[in-house]
Every structure is written in structure tokens, then in C-alpha cells.
Peer 1: 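Have a look at this one.
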2 protein chains.
Amino acid sequence: MPESYPNEIRSLALFAGMEQENFEALMRGSYVQNFPPHVELITEGDTPDFLHIVVSGSVDLFSKWNGRETSLATVHPVSTFILAATVKNLPYLMSARTLEKSRIVLVPSEDARALFDVDNAFARAIVTELSQCYRAVVKNTKDLKLRTSLERLANYLLRQSKRAESNAFDLTMEKRRLASFLGMTPENLSRAFKSLEPYGVRVQGNHIEITDCEDLTRFAKPSPFIDDNRA
Amino acid sequence: MPESYPNEIRSLALFAGMEQENFEALMRGSYVQNFPPHVELITEGDTPDFLHIVVSGSVDLFSKWNGRETSLATVHPVSTFILAATVKNLPYLMSARTLEKSRIVLVPSEDARALFDVDNAFARAIVTELSQCYRAVVKNTKDLKLRTSLERLANYLLRQSKRAESNAFDLTMEKRRLASFLGMTPENLSRAFKSLEPYGVRVQGNHIEITDCEDLTRFAKPSPFIDDNRA
DNA sequence: CGTCCTTTTGAACATTGTCAAACACTGTGG
DNA sequence: CCACAGTGTTTGACAATGTTCAAAAGGACG
């Protein structure tokens with residue numbers, strides 16, 4: 001399947017250092033698939049048959065327990081997910097569903113594991129990737145345990161604003177999912193937005209404008225060890 | 001420093017597959033140190049100078065923000081901590097303090113990183129270790145987001161009971177820290193214990209007895225994808 | 001124009017946190 | 001051995017935070 005997507009994947013840090021021969025073998029065994037929105041790609045507890053790579057669209061990682069559900073992360077192109085389960089050949093800890101029409105590359109887990117044993121650059125790239133994932137989850141845990149929902153929302157908005165490099169931006173997900181991601185109910189999120197108005201947050205639909213960044217920052221007290229993406 | 005501790009360390013999965021020569025070089029550059037209880041070994045935000053290995057005693061990983069503090073994990077012998085920061089050479093995301101008199105091996109981070117580049121078995125062992133850490137944090141996040149504090153306590157007790165292979169066991173940490181670890185206040189924990197009495201939990205000081213495991217399990221609804229240690 | 005879904009709002013409720021005080025445990029020094 | 005201080009734990013009253021339920025309002029789409 002000599003399409004264009006292998007180039008995009010090749011440029012991922014995870015695959016960049018891999019032997020060309022190995023990379024090609026891996027891609028030969030893989031295939032791309034287009035999924036409509038809201039399709040469950042993998043289910044918590046299943047055994048990892050494929051390492052997934054999001055080439056376009058976006059994917060929600062979530063989990064259920066006792067009738068409750070929570071959103072744990074969103075995967076954007078181009079990146080992989082469920083790497084840890086694939087490497088250790090243990091059941092998924094999260095389920096995944098497409099948020100929009102998405103193009104996903106499916107790499108057979110066995111092939112990935114076999115290459116991991118053989119290709120040293122690949123093994124090291126996995127370390128980098130996993131370290132990043134690990135640190136991201138630790139930051140998220142700190143966010144959850146050290147902050148109130150209002151503070152989490154305030155810091156989330158500051159992060160998004162920084163990402164958009166603008167004081168005005170659109171939310172990248174439904175408020176419903178944002179609430180779940182931040183660990184609160186939609187009702188509570190709605191009220192939290194209201195509570196942030198005095199600190200200079202204007203909300204219209206999913207358009208956000210931070211009119212007083214100073215004030216919001218004073219309230220949110222962002223920390224590099226919770227909120228910085230690259231650290 | 002030809003003492004006995006290198007053998008214990010050598011048997012860790014992280015170092016077991018390493019070339020003997022490399023391992024010896026790593027140990028030559030390292031040193032052991034005894035710390036009294038309640039000593040802060042590393043501080044959030046610092047740069048990782050050493051990879052730490054707990055040989056005896058125990059260490060608390062915690063974090064502070066805006067005057068609040070939370071306990072994120074306890075490290076028991078023999079295992080390492082802050083591996084991710086060491087590998088990526090990025091600031092610590094957590095602080096660490098001894099809980100009791102502890103013996104810690106300090107491996108210079110630069111040496112560890114250098115070996116990571118050279119020793120393929122070591123690089124792969126790090127992947128295994130990091131995957132495990134990552135999955136542990138994900139489970140912890142699910143515990144926090146999907147359960148109430150009462151449910152978290154109930155499941156914690158079941159896990160401890162399983163670990164002790166007995167319905168009666170002693171708590172391995174102060175209630176104060178347990179509360180912080182479970183994401184609640186000491187007062188709330190105290191009341192939570194009371195609330196679990198009807199489900200067959202007897203508490204006397206830090207001695208716990210689960211008199212009706214069936215009933216408690218029915219309430220706690222443990223899940224392999226949150227509560228199993230090895231999965 | 002309806003229909004479906006999300007979002008918002010209100011009120012009641014549940015859970016959790018705060019503060020203050022009492023209690024229990026531990027180890028010290030008289 | 002006892003009194004005492006220091007710390008951790010428990011308890012009670014109260015406040016803050018977050019959830020639930022019900023209903024209304026707003027948007028998207030056929």
C-alpha cells in the first residue's frame with residue numbers, strides 16, 4: 001500500500017530513527033482504515049491486537065466503571081495510542097472512540113513487539129514516548145488532586161489560550177466532554193464558566209475570550225509542573 | 001564499595017539484563033546513603049542529578065501546589081523512582097521524602113542516560129518499567145475520577161487484604177497519608193471508615209478486619225482494570 | 001417546522017472540606 | 001513512674017463544593 005501516509009508516520013519521533021527496512025516491513029503488515037464519527041475502536045479489557053496511529057480526525061480515550069464514564073484524553077494527529085498495552089501485551093486500560101471522521105493506521109501488535117526486540121532505535125524511541133505519556137498522566141493526577149474544578153477549568157483555558165496563541169479561541173471539544181475530561185458534570189462546568197466571568201472570561205457557545213489574562217492567571221496560578229506541555 | 005547491595009539491585013528487572021561490565025561501571029559511580037525519616041530527598045522542579053533506588057525503608061512521592069499537598073505514591077524496596085525524569089532529563093514532577101529510616105542508592109543520572117544509549121537490554125528494561133508505571137498512574141486516575149472517596153477506600157482495603165492474603169491486616173501508612181493518597185481529608189477518611197462498618201469493616205487503630213468480604217466486595221465492585229496490580 | 005441533542009438554569013440534595021475542640025497515643029524529662 | 005508536650009485521630013457543627021433531577025432554552029439538521 002504505497003500511499004502517502006507512511007511518510008507522515010515515518011516522521012513521528014517514534015518511528016523516525018528506525019531502520020528503513022524494518023519500517024517498511026512494519027508498514028507492509030499494517031493497514032489504514034477510515035472510520036465514521038463515534039465508532040468504538042477498542043474496548044477496555046480487550047487484548048491489544050493493533051497499535052493505533054491517528055492520521056486524521058481525533059480519538060477519545062475513555063473508561064467506564066459501574067455505569068459511570070469518564071474521558072481521560074484526546075488523541076490528535078499524528079500520534080499513536082495504547083502503546084503501553086501493546087508493548088506489554090496486556091489488556092487495554094481505556095476504551096477509544098472516534099470523535100469525528102478519522103483515518104487510523106493499524107499496526108499489528110505482534111509486529112511492533114517483534115521490532116521492539118530487534119530495532120534498538122525503536123526501543124529507545126518508545127522510552128521517550130512512554131516517558132512523555134507517563135509525565136502527562138502524573139500532571140493530570142496533580143491537577144485532579146490539588147485543584148478544585150474551578151481552578152482546573154481556569155488553568156485549562158489558559159493552556160488552550162497559550163496553544164492558540166490568542167486570547168480568543170474556540171473550544172476543541174463539546175462542553176459535555178470537556179466536563180468529563182476535567183472531572184465534573186456538564187451542569188457544574190456551565191456554572192464554572194459563569195463563575196469565571198468576574199476574572200475576565202467571556203463565553204459564547206464554544207467561543208472563549210479571555211479579556212483579562214492577568215486576573216485569570218492570578219486566580220488560576222498555573223504551574224510549569226502541572227500545566228506545561230513540553231516539560 | 002563492594003558491599004552486598006549491588007546484588008539486590010542487579011536482580012531488579014531494570015538491571016537484570018544489563019551487560020555485567022556496564023552494570024559494574026554504573027555501580028562504581030553510584031553510592032549508598034542512609035537517611036533518617038522525614039528527609040526530603042528530591043524536590044519537585046529540580047533537575048534529576050540521580051536515579052534513586054530504595055534498598056530499605058520507604059519513600060513517599062508527593063506534590064504541592066498553592067499551599068496544598070497530596071501524596072501520589074509510596075515506593076517500597078527494592079525499586080527505583082523518578083525514572084522518567086532521569087531518562088528525559090527534565091525536572092522532577094514530584095518531590096520525595098523518606099517515611100522511615102531508609103537506605104537509598106544514588107545513581108548519577110548522566111551515567112544512567114549514557115548507559116541507556118549504549119546498553120540495549122537496559123533500554124528495553126526501561127520500557128517495561130515505564131509501561132508499568134504508566135499503567136499504574138492510569139489506573140489511579142480512573143480510581144479518582146470514577147469513584148467516590150468511600151468507594152476508593154473500600155477498594156483500597158480489598159487490595160490490601162488481598163496483598164496480605166488475610167482478612168485482617170495493619171495499614172501500612174498513617175491514616176493521614178492514606179487520606180491524602182486516596183484524595184480526601186483525614187476527617188473525611190475517619191468518617192469513611194465509619195460508613196464502611198455496615199459492610200463488615202472493623203477498625204481499631206491501624207488494624208483492619210474485614211468481617212464480611214462478600215458484602216464489602218458487593219459494595220466496592222473492584223475491577224481488574226483499576227485494582228489489579230500486575231495487569 | 002419539528003426533532004434530537006446539548007447547554008443552561010433552578011432547586012434540592014449529597015458529598016466533601018473546614019474549623020475547633022476533644023481524645024488517644026507516643027515518647028521525653030523530671 | 002508520672003506529668004507533659006507533641007502529634008495524629010476522631011467528633012461535631014458548619015460551609016463550600018459538587019451532583020442530581022427536572023425543565024427550559026438554544027442549536028443543528030433533516
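All chains are named by letter (A, B, ...) in the order of the sequence lines, taking the proteins before the strands, and each is independently numbered beginning at 1.
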Peer 1: Contact class for Glu187(A) (heavy atom, under 4.0 Å): base, sugar-phosphate, or nothing?
Peer 2: base
Peer 1: From CG of Leu171(A) over to P of dT6(C), roughly how many Å is that when rounded to an integer?
Peer 2: 16 Å
Peer 1: Within the distance-only criterion (no hydrogens, no angle test), does the side chain of Thr98(A) pair as donor or acceptor with the backbone N or O of His38(A) below 3.5 angstrom?
Peer 2: yes
Peer 1: Using OP1 and OP2 only, check whether a side-chain N or O of Ser190(B) sits under 4.0 Å from dT9(D).
Peer 2: no
Peer 1: From NZ of Lys194(A) over to P of dT17(D), roughly how many Å is that when rounded to an integer?
Peer 2: 18 Å
Peer 1: Can a side-chain donor-acceptor contact be found between Ser71(B) and Asp60(B) if the only test is distance below 3.5 angstrom?
Peer 2: yes
Peer 1: Leu144(A) CG to dT17(D) P: how many Å, rounded?
Peer 2: 17 Å
Peer 1: Please compare Leu189(B) and Leu150(A) by the position of their nearest nucleotide in DNA chain D and report the one closer to 5'.
Peer 2: Leu189(B)
Peer 1: To the nearest Å, how far apart are Asn206(B) CG and dT9(D) P?
Peer 2: 9 Å
Peer 1: Between P on dG26(D) and CZ on Phe193(A), what's the gap in Å once rounded to a whole number?
Peer 2: 18 Å
Peer 1: Can you check the Leu146(A) CG to dG17(C) P distance for me, whole Å?
Peer 2: 12 Å
Peer 1: Check the side chains of Ser11(B) and Glu8(B) for a donor-acceptor pair under 3.5 angstrom, ignoring hydrogens and angles.
Peer 2: no
Peer 1: Starting from P on dA24(C), measure out to CZ on Arg176(B) and report it in whole angstrom.
Peer 2: 19 Å
Peer 1: OP1, OP2 of dT16(C) versus side-chain N and O of Thr185(B): anything below 4.0 Å?
Peer 2: no
Peer 1: Closest nucleotide of DNA chain D for Glu174(B) versus for Asn188(B): which of these residues is on the 5' side?
Peer 2: Glu174(B)
Peer 1: Below 4.0 angstrom from OP1 or OP2 of dT17(D), is there any side-chain N or O of Thr148(A)?
Peer 2: no
Peer 1: Does Arg176(B) pair with Glu187(B) as a salt bridge, N-O distance under 4.0 Å?
Peer 2: no
Peer 1: Salt-bridge test for Arg218(B) and Asp212(B): reply yes if a basic N is under 4.0 Å from a carboxylate O, no otherwise.
Peer 2: no
Peer 1: Rounding to an integer number of Å, can you tell me how far Arg191(A) CZ sits from dT19(D) P?
Peer 2: 11 Å
